[in-house]
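Nothing here was measured: the structure is a model prediction, and the numbers come from that model. Chain identifiers are assigned alphabetically (A, B, ...) following the order of the sequence lines, protein sequences preceding nucleic acid strands; residue numbering begins at 1 within each chain. In what follows, every heavy atom counts, from backbone to side chain, and hydrogens, waters and symmetry copies are set aside.
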There are 4 protein chains.
Amino acid sequence: MSRKPNSEQRRAQIVQALMDTMAEHGYEKATILLIARRAQLTPGLLHYHFHSKAEILLALVQALAGAARQRYLALAHKATNADERLAAYVEARLGLGEGADAGAVAAWVVIGAEAVRQSEVRAAYQHAVDTEMALLRELLSASLAAQRKSTANVEALAAALLALMEGTFQLASAAPDSMPVGYAAPLAMQLVRRFIDAEPPTGC
Amino acid sequence: MSRKPNSEQRRAQIVQALMDTMAEHGYEKATILLIARRAQLTPGLLHYHFHSKAEILLALVQALAGAARQRYLALAHKATNADERLAAYVEARLGLGEGADAGAVAAWVVIGAEAVRQSEVRAAYQHAVDTEMALLRELLSASLAAQRKSTANVEALAAALLALMEGTFQLASAAPDSMPVGYAAPLAMQLVRRFIDAEPPTGC
Amino acid sequence: MSRKPNSEQRRAQIVQALMDTMAEHGYEKATILLIARRAQLTPGLLHYHFHSKAEILLALVQALAGAARQRYLALAHKATNADERLAAYVEARLGLGEGADAGAVAAWVVIGAEAVRQSEVRAAYQHAVDTEMALLRELLSASLAAQRKSTANVEALAAALLALMEGTFQLASAAPDSMPVGYAAPLAMQLVRRFIDAEPPTGC
Amino acid sequence: MSRKPNSEQRRAQIVQALMDTMAEHGYEKATILLIARRAQLTPGLLHYHFHSKAEILLALVQALAGAARQRYLALAHKATNADERLAAYVEARLGLGEGADAGAVAAWVVIGAEAVRQSEVRAAYQHAVDTEMALLRELLSASLAAQRKSTANVEALAAALLALMEGTFQLASAAPDSMPVGYAAPLAMQLVRRFIDAEPPTGC
DNA sequence: AATGAATGAGCATTCATTCAT
DNA sequence: AATGAATGAATGCTCATTCAT
């Protein structure tokens with residue numbers, strides 16, 4: 001067999017280097033030179049594997065979204081009911097266990113701000129949000145249904161839970177010292193459970 | 001004789017122009033030239049009134065934090081009990097009524113990302129967060145106390161509510177089409193109220 | 001009598017402020033704003049009293065040259081012969097006594113460098129040099145004549161002595177720690193006296 | 001494959017261009033654009049090879065000091081005794097022969113003025129001065145010893161000779177028309193020789 | 001695939017000078 | 001005389017991108 005080109009490995013290496021550099025310097029100040037150094041590559045090589053810096057960023061958005069999905073799937077594996085699956089999801093996003101990555105979180109916050117101004121990043125970010133929203137709707141609907149509660153508010157509840165997660169990332173990245181430690185996952189679950197408990201039953 | 005100083009007016013004008021420009025282009029791409037044009041001033045004049053671009057940004061952080069405080073005070077004026085004050089706070093931050101400003105929200109999101117990398121911005125951002133946390137602790141403690149509930153979780157609850165707000169800003173700015181309209185304020189209040197209702201009473 | 005306009009005083013104040021600022025920051029970095037602050041005046045006022053920054057510099061050259069002349073005249077007053085007059089001159093230029101001014105010396109060094117590139121400064125500098133050379137020729141000729149020595153080399157000797165002084169200013173300003181203290185005036189006199197002593201008598 | 005580095009050549013080219021430009025315009029007015037044009041390079045490339053303009057200046061200080069050392073070594077090669085070595089030194093610094101470079105001299109004068117205000121330049125300038133002083137002390141001590149003269153005044157004599165040289169550069173650059181031609185080297189040697197001749201013998 | 005020099009547009013900032021008051 | 005805001009050209013420096021090797 002012929003020797004495999006190492007492009008895929010190189011691309012992953014570059015994407016990872018962008019993530020690390022962005023977490024530290026933001027997107028604009030994450031220069032091609034800094035990224036290349038972090039990846040232990042030369043500047044020219046980055047443009048051999050990616051057409052532009054923006055393209056690396058888009059690849060990073062995909063990579064982070066994919067990693068988040070994998071983290072949920074790994075935890076959801078052991079879940080046996082709707083509530084456990086929801087808890088697995090929240091743990092996957094907000095938990096401090098294995099897979100928690102301050103760099104990835106900071107990079108995601110920076111991506112969120114870039115989405116405000118770059119339409120292509122916004123599109124990718126929105127796609128990730130839509131995917132999350134769909135998953136959340138499904139998980140919350142299942143939890144509501146399991147308790148025979150109305151699903152009328154599921155959309156808003158999903159949005160609030162997603163906002164809670166995004167805000168947690170923001171605060172963890174920009175004001176870590178002002179926040180209590182490890183509060184996010186357990187409190188998010190409590191908020192949702194108590195909300196669901198207080199929802200009116202189906203058909204009312 | 002001498003001309004009368006107009007610095008304060010000019011500074012406010014420039015800060016506003018930075019906010020508008022940042023909401024559209026982000027911080028790095030909000031160039032001095034763009035800001036000056038938006039403020040209908042010449043580039044040199046911006047550096048006459050501010051030492052550096054970073055200084056304008058810090059002034060903007062103060063301005064936004066101050067405006068948020070004013071908005072709360074205006075609404076809290078009519079509140080007669082703890083729950084109404086809390087509702088006034090949530091409405092001031094997340095409501096769609098008068099004072100809601102998509103530009104200010106987008107600028108705040110961009111500031112949050114800049115706080116990840118610029119230590120001076122981070123300090124100012126953290127100060128704003130600390131102030132919010134203190135206010136939230138006070139409001140939530142009062143609501144809990146009014147219902148004779150334990151205040152053991154007030155810190156975490158405050159953090160969660162603040163995260164919910166920051167995340168709402170983020171999603172409203174970067175993925176507005178993926179989010180339901182007007183969900184944030186009412187749902188945030190419901191989440192908090194139901195959480196408080198389900199809290200154990202004092203002394204348990 | 002009508003109140004005297006304070007222009008002359010203001011001009012002197014500004015020239016002095018330029019000298020101080022130049023000694024610290026060089027000519028280019030001695031901005032109008034810095035000079036104005038040092039003189040406790042406002043920037044606009046500097047251009048009321050001088051047409052341009054270059055004009056202040058020219059006034060400073062005159063002022064420094066004039067001050068040097070005064071210092072010599074004050075010391076020469078007591079001299080009773082050619083050698084004492086020469087010693088008075090050397091002391092006036094290189095001595096550490098009253099009137100020695102590190103700021104003035106540093107400013108003169110900076111002026112010397114500006115003379116390399118600005119033709120108007122060069123003209124003023126050259127005029128000062130020519131005046132010095134004339135005085136030196138006179139003093140040295142008198143000393144040589146007093147000892148009945150040939151004055152064939154007086155031009156070159158004057159040039160060398162002037163160079164020694166200018167170089168002393170340079171080294172005192174830019175490498176003070178590398179130079180012995182107080183060496184300049186006595187050694188300069190010794191060099192000149194021994195040179196003259198070894199000169200052939202007139203008519204040879 | 002990879003291109004071969006040409007940085008050393010480019011750096012030398014840039015340093016030379018700074019020297020030429022500085023000799024004509026001074027340091028501040030020797031803009032990156034002017035230097036680049038003189039070197040027939042693009043402005044961006046200067047910052048690829050040097051971190052900053054100040055760094056080019058430091059490289060120039062080293063280059064000029066090195067060239068001066070080489071010029072002395074080349075001439076000292078033929079010297080057979082202390083006096084000839086001293087004469088070789090003076091000729092190397094002040095002589096009009098091969099290697100005399102009005103541009104380098106003017107650049108050195110400008111550097112001397114920059115040393116007044118830029119601490120890094122001052123450090124480099126002082127180092128060059130210290131090296132010169134050490135060499136001068138050695139040369140003068142040898143000459144004094146060869147004539148069995150006291151070396152008590154060698155430090156001050158070295159300082160005076162160095163000052164004479166620096167001042168000669170200054171006057172040659174800023175007031176060439178006011179100075180006699182070719183006076184410097186022969187007169188400097190005469191001054192030193194007559195001084196030494198008149199020194200008291202060792203042990204007195 | 002890989003290197004690193006080269007380009008050139010763009011940026012924040014500085015500053016002498018002007019001018020309305 | 002005096003003020004201080006305003007101007008606009010100039011400058012050092014950055015950086016994504018290109019390209020010869």
Side-chain angles (χ1 to χ4, degrees), chain A residues 3 5-7 9-10 27-36 40-56, chain B residues 1-7 9-11 27-36 40-56, chain C residues 3 5-7 9-10 27-36 40-56, chain D residues 1-7 9-11 27-36 40-56:
Chain A
R3 179 147 163 55
N6 59 1
S7 280
Q9 180 200 329
R10 281 279 184 261
Y27 176 67
E28 294 292 336
K29 297 289 184 184
T31 67
I32 292 289
L33 192 61
L34 281 179
I35 301 166
Q40 290 182 299
L41 300 173
T42 53
L45 196 53
L46 266 65
H47 278 91
Y48 180 82
H49 290 289
F50 290 92
H51 281 101
S52 70
K53 188 180 160 185
E55 202 181 86
I56 313 179
Chain B
M1 296 300 175
S2 66
R3 332 177 32 154
K4 49 184 162 184
N6 62 346
S7 279
Q9 178 201 331
R10 281 280 182 262
R11 286 174 64 96
Y27 177 67
E28 295 291 338
K29 297 289 185 186
T31 67
I32 291 288
L33 191 61
L34 282 179
I35 301 166
Q40 288 181 299
L41 301 172
T42 54
L45 193 54
L46 267 65
H47 281 96
Y48 179 78
H49 291 287
F50 288 93
H51 209 252
S52 67
K53 186 180 161 185
E55 204 181 83
I56 313 178
Chain C
R3 180 152 164 50
N6 58 0
S7 280
Q9 179 199 332
R10 283 278 184 260
Y27 176 67
E28 295 291 336
K29 297 289 184 185
T31 67
I32 292 287
L33 192 61
L34 281 178
I35 301 165
Q40 290 181 299
L41 300 173
T42 54
L45 196 53
L46 267 65
H47 277 91
Y48 180 83
H49 290 287
F50 289 92
H51 282 101
S52 70
K53 187 180 160 185
E55 201 180 88
I56 313 177
Chain D
M1 299 302 177
S2 65
R3 342 178 21 156
K4 50 183 159 184
N6 63 345
S7 279
Q9 177 201 330
R10 281 283 184 260
R11 285 175 64 96
Y27 176 67
E28 295 290 337
K29 297 289 186 188
T31 68
I32 292 288
L33 190 61
L34 282 178
I35 301 166
Q40 288 182 300
L41 300 173
T42 54
L45 195 54
L46 267 65
H47 281 98
Y48 179 79
H49 291 288
F50 288 93
H51 209 253
S52 67
K53 186 179 160 186
E55 203 180 85
I56 312 178

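Contact check for C:Tyr27 versus D:Glu28: no side-chain heavy atoms found under the 4.5 Å cut-off. Contact of the B:His47 side chain with the B:Ile32 side chain is registered, since non-hydrogen atoms from C-beta on lie closer than 4.5 Å.
Between B:His49 and B:Arg11, the shortest heavy-atom distance links the atoms O-NH1, 2.9 Å. Minimum interatomic distance between C:Leu34 and C:Lys29 (heavy atoms only, all atoms of both residues): CD1-O, 3.4 Å. When all heavy atoms of B:Ala36 and B:Thr42 are compared, the pair lying nearest together is CB-C, 3.9 Å.
With rounding to the nearest 0.5 Å, the separation of CG in A:Leu41 from OH in A:Tyr48 is 13.5 Å. Between A:Leu46 atom CG and A:Ile56 atom CD1 the span is 4.5 Å, to the nearest 0.5 Å.
In DNA chain F, runs of at least 3 stacked Watson-Crick or G-U pairs (N1-N3 plus N6-O4 or O6-N4, or N1-O2 plus O6-N3, all under 3.5 Å) give these stems: E:2-21 with F:2-21.
Remark: P of F:dC15 and CD1 of A:Ile56 are 15 Å apart, rounded to the nearest angstrom. Rounded to an integer number of Å, the gap from C:Ile35 CD1 to E:dC15 P is 11 Å. Atom CZ of C:Phe50 is separated from atom P of F:dA2 by 13 Å (rounded to the nearest Å).
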Task: Base versus backbone protein contacts along nucleotides 5-12 of chain F [heavy-atom cut-off under 4.0 Å; B, S, -] - done: BBBB--SS
